[in-house]
Amino acid sequence: MRKSAIAVMAGLAGLGLATVAATAGVVKDDGLKPYEIVGDIAIPKPLTDKPGDPARGRKLIANRKKGNCLACHKIDQMKDYPFHGEIGPDLSDLASNMPAEEIRLRLVNPKVINPDTIMPAFYRVEGLYRVMKKFRGKPILTAQEIEDIISYLVTLKKPEQK
Ligand code: HEC
């Protein structure tokens, strides 16, 4: 009797880990660092203790196997890379419009903000579909890569507004 009770508890603990509280509170996802979504719009705390590296973030934004953000977004400050898409909003003045904590949720899981968005959830394991085999069970970006990208995005301001 005792043994099976322990087995049931272990099973429940496993389920608990895989549960994602989609709208509020602490979110736990397989193998991911826990984070807290506040007000369905922001993740105020950085995912890592190490500050983001903006130069690394800029490269990740352009990297087609990583952020690939330019496929959908125009960023004037990154004209050294060709072919910017226009499916998503122009990010060239993002820092004037959106604080880092809201950018963080956009990158981690934009579906919390807009369930119908075509923008991928970059720090999510469950619920991903059309994922290449090598990405299964892993988020597209690591927690540190998310912070690197945010640290570059918060520098994006149109020159006349500086
Ligand atoms: C497949 C296309 C696609 C890709 C790839 C993509 N996005 Fe998006 N993104 C969108 C769309 C569409 C929106 C508009 C909002 C929505 O759909 O909810 C958006 C919205 C945003 C917003 C909010 C902008 C605003 O003014 O409201 C930010 C910030 C953003 N994306 C950053 C990124 C970054 C950084 C990357 C790369 C790591 C990225 N996106 C990759 C399609 C994409």
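FYI, the numbering just counts along the sequence from 1. When a ligand or atom number is given, it counts from 1 through the structure's own listing order. Please read all numbers here as calculations on a predicted model, not as lab measurements.
- For atom 18 (O) of ligand 1, the closest non-hydrogen atom of the protein is Asn114 ND2, 3.0 Å.
- At a heavy-atom cutoff of 4.0 Å, ligand 1 is contacted by no atom of Leu60, backbone or side chain.
- Rounding to the nearest 0.5 angstrom, the gap separating the CD atom in Gln77 from the CG atom in Leu94 is 10.0 Å.
- The two residues Glu145 and Arg56 come nearest to each other via the heavy atoms CG-NH2, 4.0 Å.
- Put simply, the side chain of Asp76 reaches to within 4.5 Å of the side chain of Lys158, judged on heavy atoms.
- Across all non-hydrogen atoms, the minimal contact from Arg104 to Glu147 is NE-OE2, 2.8 Å.
- Against a heavy-atom cut-off of under 4.0 Å, Leu153 is close to the following atoms of ligand 1: 35 (C).
- Nearest protein heavy-atom neighbour of atom 11 (C) of ligand 1: Gly88 CA, 3.7 Å.
- Looking only at protein heavy atoms, the nearest one to atom 29 (C) of ligand 1 is Leu94 CD2, 3.7 Å.
- The NE2 atom of His73 sits 12.0 Å away from the CD atom of Glu86 when rounded to the nearest 0.5 Å.
- Nearest-heavy-atom check against atom 30 (C) of ligand 1 across Glu86, His73, Arg106 picks out His73.
- Protein heavy atom nearest atom 16 (C) of ligand 1, with residue, atom name and distance: Thr117 OG1, 3.2 Å.
- By the 3.5 Å distance cut-off applied to N or O atoms, Asn68 is not counted among the residues near ligand 1.
- The line from CG of Asp40 to CD1 of Ile113 is 9.0 Å long, rounded to the nearest 0.5 Å.
- Protein heavy atom nearest atom 4 (C) of ligand 1, with residue, atom name and distance: Cys72 SG, 3.3 Å.
- The closest approach between Leu107 and ligand 1 falls below 4.0 Å for a heavy atom of the residue.
- For CG of Asp49, the number of neighbouring non-hydrogen atoms (other residues, nucleotides, ligands) closer than 6.0 Å is 12 at most.
- Close contacts of ligand 1 with Ile87, meaning ligand atoms under 4.0 Å from a residue heavy atom, involve 12 (C).
- Distance from atom 27 (O) of ligand 1 to its nearest protein heavy atom, with residue and atom name: Met98 CE, 3.5 Å.
- No hydrogens or angles considered: a donor-acceptor pair under 3.5 Å links the side chains of Thr48 and Gln144.
- Within the 4.0 Å heavy-atom criterion, neither part of Ile113 lies near ligand 1.
- Between Phe122 and Ile146 the shortest side-chain heavy-atom distance falls below 4.5 Å.
- Inspection of the Ser151 and Asp148 side chains reveals no N or O donor paired with an N or O acceptor under 3.5 Å.
- Residues Tyr123 and Thr142 come closest through the heavy atom pair CE1-C, 4.0 Å.
- Residue Met119 counts as close to atom 8 (Fe) of ligand 1, with an N, O or S atom under 2.8 Å.
- Counting heavy atoms under 4.0 Å from ligand 1, residue Cys69 touches it through both backbone and side chain.
- The single protein non-hydrogen atom nearest to atom 28 (C) of ligand 1 is Leu91 CD2, 3.9 Å, given as residue, atom name and distance.
- Considering all non-hydrogen atoms of both residues, Asn109 and Arg124 come closest at ND2-CD, 3.5 Å.
- For the ligand labelled ligand 1, residue Pro110 lies outside the 4.0 Å heavy-atom shell.
- For Pro89, the closest heavy-atom approach to ligand 1 falls below 4.0 Å.
- A heavy-atom separation below 4.0 Å is not found between Asn97 and ligand 1.
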